[in-house]
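Please read the structure below before turning to the comments.
Chain naming here is simple, since letters A, B, ... match the order of the sequence lines and numbering starts at 1 in each. The analysis underlying the following values was restricted to heavy atoms, covering all of them including side chains, and did not include hydrogens, waters or symmetry mates.
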Amino acid sequence: MTEPRLLMPQLYDGGSPPALQGGVCDCGHVFFPLQAYGCERCGGHGTRLRPKRLAARGRLVASAVVHLHAGERPAPFVVGSIALDDGPVVRTLLAGTEVSLPPGCRMVGTLVPVTPAQDGTPRVDFRFAPVTGSDLS
Amino acid sequence: MSRTLSDMRPVHVIGIGWHRYQFTSETPYVELGLTAVRAALADAGIPWPAVQTAYVAKALLPMAPGRAMLRHLGATGLEILHVEDASASGSAAFRHACLEVASGASDVVLAMGVDKPARVALAERSTGIPSLADDAIAPFTHFAMLADQYAHRAGATVEDIALVAVKNHRNGSLNPNAQHQKVRSLAEIMGGKAISGAFTSLQCTPVGEGAAAVIVASDDGIRALGVDPARAIQVVASVGRSQRVYEDATRFDALLTGETSGLAFAQSGLTAADLDVVELHDAFTVEELEYVEAMGLCAEGDAVRQLKAGAFDIGGRCAVNPSGGLIAMGHPIGPTGIGQIGEIVLQLRGEAGARQQPGARTGLAHMVGIGAVCYVHILQRPG
C-alpha cells in the first residue's frame, strides 16, 4: 500500500501527533507558519528568523460549525481557533466532532485522509481534534 | 513635529448625500455615485466647481472609476484620488479629505464612496505564505468564532447576541437609505438561514451596492460659499491605525478598536461618556458588543445588560447604529464609512427625523477593515 503523502508538508510533518512548522525570531516572538519575510513584532529578518517545530497541542479558544461556504470546501464543516502550548494561535478545520466544542477543551493535531492526488496517491491533511483518552500520552 | 487634526485649522462637514444601499441591480455605478454627490452638493448649497479635490473610496469596482463618473458633473480638472482600505475605504477617504482641508491645502473637498458587489481576491492569500485552512474561514466564520468566545467570556447566550440585530433592523426600518427596512423579531432573526456558528443571515451584513458622499470645508470655504454655519458639523478627531502584535491574538479587532478610539478621545479631549451617537462596524452582531466595550461605552462584559436596558437604543444613553448599522443599512464597502459620517451629521444637526437621538451633540464613527485596519472619527455640533 502506498504511503500517504502530506497535503502541505511546508506546514506540518508526518509525526504522531504531527508537529507544526513554525518559526522563532531572536526577539523571542514565536509564529506560525514559518516565513522568511520578517518578524511581525520587531521587523528582524534574515538569520534572525529560524524554524521552530511547534507541538500540535493546545487549548480550544473558540469553534464554529460553518453551514454556508462559497469556496470549494463542502459545508457543513467545523473550524476552531487553538492556542498552542508553544504560543501562537492557530486556526484550522477540526476533526472528530460535528458540533462546536467548549472553549478550553484540550486539542491535539491529527492527520486525516483527503482527496487522493491525481496519480491516485493517497493524501493526508492536518486537523485539530479534541483529546481523547488514548491521546493523553 | 507631527500634528493631529486637532492641532490644525478646523474642518467641518457641510454637505451629505446618499444613493440608497440596495441589492445588486443593473444600475451602473456612475448613476449611484452621481446621485450621492449631487445630493451632497444640494445639501451644502454649493456648486460643483467649488470642490477642489475628490477622494473616491471603492474596494470592489474596477480600476479608476472616479473620473469616468465625476466628469458628468462638469470636468473641472479637480484632483481625483482613489482610496482602498477594505471595509474602511470610505473612512480612510474621509480622513484624508479632512487632513487636506485642515492642513490648509484646500478649502472644499469631497469624500465619496461607491461600489457594486464583485468577487475580488484578498491579497492576504497572495503573500506566498501558506495557511492550514484560511480558505475555510470567511469573515462571517472569523466573527462566528469571536461570538463563541464572547458568549463564553461574558456569559451571554446566542439570543443575547442576536438582540443587536433586533435593534439595528428596527433602526434600519426608519432609514430610507437602508438596504433592509423591516422590523424583525428575535424569533425571525434566530429562525433565519444558518450561516456560521450562531449566526443566521439577519445577523450578518448584506453586501450590496450604493453610494455616499460628504463635503468637508474650512471656515474660509464656509464664508466664501455662504454656507449656513449652523448646519456645519466640526470634525474634532480623526485617527487611523493598523493591527499590532497583541498578547491575545484572537481579539485583535476589539484591541485595535480600543487603541484607535482611545487616541481619538485623547485628540478631542472627550470621553466615551460624552458620546450621544455612535456608528460602528457591526458587520456581524457580536462586533457591536465587542466594540462598545472596547470604546468604553460600558464595562467589559456588560454590553448585553446595557443593550437589554435600552442604553444603546435611539432615545437611550447613547444611540448605537441609529442608521441601522452595517446589519440593516448595509455594507456596500466603499460607501460605508462615508455613510456613517452622513448619519452622524444628520443626528447632530437634529435632522434625523424618526431616528433622531434627542439632544445629540457629539458622535463617533468607527470602522474596521480586513488587514486589520481601524478608523475613528469624532464629530461635534457647534454650541
Closest-packed option against chain A by number of heavy-atom pairs under 4.5 Å, given B:A151, B:A249, B:G197: B:G197
When A:V61, A:V89, A:V78, A:L93 are compared by non-hydrogen pairs under 4.5 Å with chain B, the top option: A:V61
Can you pull out the donor-acceptor contacts between chain B and chain A, under 3.5 Å, including backbone atoms?
residue	atom	partner	partner atom	Å
B:T127	O	A:Y37	OH	2.5
B:D135	O	A:H69	NE2	3.0
B:D135	OD1	A:R73	NH2	2.9
B:D135	OD2	A:R73	NE	3.0
B:D135	OD2	A:R73	NH2	3.1
B:H142	ND1	A:R91	NH1	2.7
B:D148	OD2	A:S63	N	2.9
B:I195	O	A:H67	N	2.9
B:I195	O	A:L68	N	3.0
B:G197	N	A:V65	O	2.7

B:F140 portion near chain A, given a 4.5 angstrom heavy-atom threshold: side chain
Heavy-atom pair of closest approach, residues B:P130 and A:L11: CG-CD2, 3.6 Å
Separation between CD1 of B:I195 and CG of A:L68, rounded to the nearest 0.5 Å: 4.5 Å
Region of A:L20 that comes under 4.5 Å of a non-hydrogen atom in chain B: side chain
